[in-house]
Amino acid sequence: VQLQASGGGLVQAGGSLTLSCAASGRTLSRYGVGWFRQAPGKEREFVSVSRKSGGTTIYGDSVKGRFTMYRDNTKNTVYLLMNSLKPEDTAVYYCAADSGGTILSEVRNAARYHYWGQGTQVTVSS
């Protein structure tokens with residue numbers, strides 16, 4: 001499956017952005033899809049995951065209550081709605097798909113994701 005992330009940009013603190021992750025080649029509902037982010041000089045951080053075929057959605061502690069991840073299976077696309085953005089949310093955001101069989105305890109592990117999009121830059125100004 002090929003993934004294309006988009007929707008990043010520059011926004012003021014408190015603002016909102018919606019990222020998209022469009023898939024081609026395979027039906028995305030068969031895969032768990034995660035969002036990760038990486039800020040300069042920092043390790044890649046888990047943001048959220050939507051488990052395959054209507055499974056649960058899990059969020060990282062730093063974004064819980066502010067970000068919402070959802071799927072549109074008719075468009076083979078996953079979205080990340082980001083509200084109440086903070087300067088510390090500034091990073092390159094990546095979407096990734098696993099093999100569909102990642103166990104719950106491993107969904108935050110980037111190594112479990114085999115397919116990655118190219119990343120989209122989100123910059124939040126204070």
Side-chain angles (χ1 to χ4, degrees):
V1 59
Q2 292 80 45
L3 303 176
Q4 179 79 30
S6 62
L10 174 63
V11 64
Q12 289 188 333
S16 299
L17 278 176
T18 299
L19 305 184
S20 301
C21 178
S24 59
R26 297 286 178 91
T27 301
L28 201 55
S29 61
R30 298 180 179 178
Y31 300 84
V33 179
W35 285 97
F36 292 80
R37 65 187 184 186
Q38 189 164 18
K42 295 188 177 181
E43 293 186 354
R44 190 163 294 189
E45 178 188 5
F46 168 79
V47 175
S48 64
V49 62
S50 170
R51 305 193 76 200
K52 70 173 182 176
S53 299
T56 56
T57 303
I58 300 167
Y59 298 93
D61 290 342
S62 61
V63 305
K64 198 174 297 182
R66 299 188 297 123
F67 290 12
T68 302
M69 185 176 180
Y70 59 99
R71 296 177 180 253
D72 185 339
N73 290 332
T74 64
K75 296 182 178 180
N76 214 26
T77 300
V78 171
Y79 300 92
L80 183 68
L81 170 61
M82 306 185 295
N83 291 325
S84 302
L85 283 162
K86 305 175 182 180
E88 50 264 44
D89 294 318
T90 295
V92 178
Y93 283 70
Y94 299 89
C95 62
D98 67 7
S99 62
T102 303
I103 60 176
L104 185 59
S105 61
E106 288 290 313
V107 295
R108 292 173 174 82
N109 185 353
R112 297 304 181 193
Y113 295 80
H114 307 294
Y115 311 99
W116 290 81
Q118 84 287 4
T120 184
Q121 176 71 46
V122 172
T123 303
V124 184
S125 62
S126 57

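Source: prediction; values computed, not measured.
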Nearest 0.5 angstrom please: [X] [atom1] to [Y] [atom2], how far?
| X | Y | atom1 | atom2 | answer |
| --- | --- | --- | --- | --- |
| Met82 | Arg37 | CE | CZ | 9.0 Å |
| Leu28 | Tyr115 | CG | OH | 11.5 Å |
| Asn109 | Arg112 | CG | CZ | 5.5 Å |
| Ser62 | Glu88 | OG | CD | 9.0 Å |
| Cys95 | Gln118 | SG | CD | 7.5 Å |
| Leu3 | Ser20 | CG | OG | 12.5 Å |

Within the 4.5 Å heavy-atom criterion, are [X] and [Y] side-chain neighbours or not?
| X | Y | result |
| --- | --- | --- |
| Thr68 | Tyr59 | yes |
| Met69 | Val33 | yes |
| Phe46 | Asp61 | no |
| Phe67 | Leu80 | yes |

Run the side chain to side chain contact (heavy atoms under 4.5 Å, CB included) test on Tyr79 and Leu19 for me, step by step, so that the C-alpha distance in whole Å, both residues' side-chain angles and the decisive distance to 0.1 Å come before the verdict. CA-CA 6 Å; Tyr79 300 92; Leu19 305 184; over 6 Å; no
Can you check whether Tyr94 and Phe36 have ring centres sitting under 6.0 Å from each other? no
Counting only N and O atoms by type, is there a donor-acceptor contact under 3.5 Å from the side chain of Thr77 to the main-chain atoms of Lys75?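 Yes; judged by distance alone, with no hydrogens or angles, the pair exists.
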Sub-3.5 Å donor-acceptor pair from the side chain of Thr120 to the main-chain atoms of Gly8, do we have one? yes
Over all atoms of both residues, closest heavy-atom pair of [X] and [Y]:
| X | Y | result |
| --- | --- | --- |
| Leu17 | Leu85 | N-CD1, 3.9 Å |
| Val1 | Ala23 | CG2-CB, 3.8 Å |
| Ser126 | Ala13 | CA-CB, 4.4 Å |
| Leu104 | Arg51 | N-NH2, 3.5 Å |

Salt bridge flag under 4.0 Å for residues Lys86 and Asp89: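 No, this pair does not count.
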SB check Lys52 Asp98 (cutoff 4.0 Å): no
Just do the side-chain hydrogen bond (donor to acceptor under 3.5 Å, both in side chains) check on Ser29 and Asn73 with the steps written out, would you? CA-CA 7 Å; Ser29 61; Asn73 290 332; 4.7 Å; no
Should the heavy atoms of other residues, nucleotides or ligands under 6.0 Å from NZ of Lys64 be counted, would the total exceed 12? yes
Could you walk me through whether Arg71 and Ser50 pass the side-chain hydrogen bond (donor to acceptor under 3.5 Å, both in side chains) check? CA-CA 8 Å; Arg71 296 177 180 253; Ser50 170; 2.8 Å; yes
Measure from NZ or CZ of Arg44 to the centre of the six-membered ring of Trp35, then state whether that distance is under 6.0 Å and the direction lies within 45° of the axis. no
For the hydrophobic clusters of this structure (ILVMFWY residues joined by side-chain heavy atoms under 4.5 Å, transitively), does one cluster hold both Val47 and Val11? yes
Taking Val107 as the starting point, is it possible to reach Trp116 by hopping between hydrophobic residues whose side chains are less than 4.5 Å apart? yes
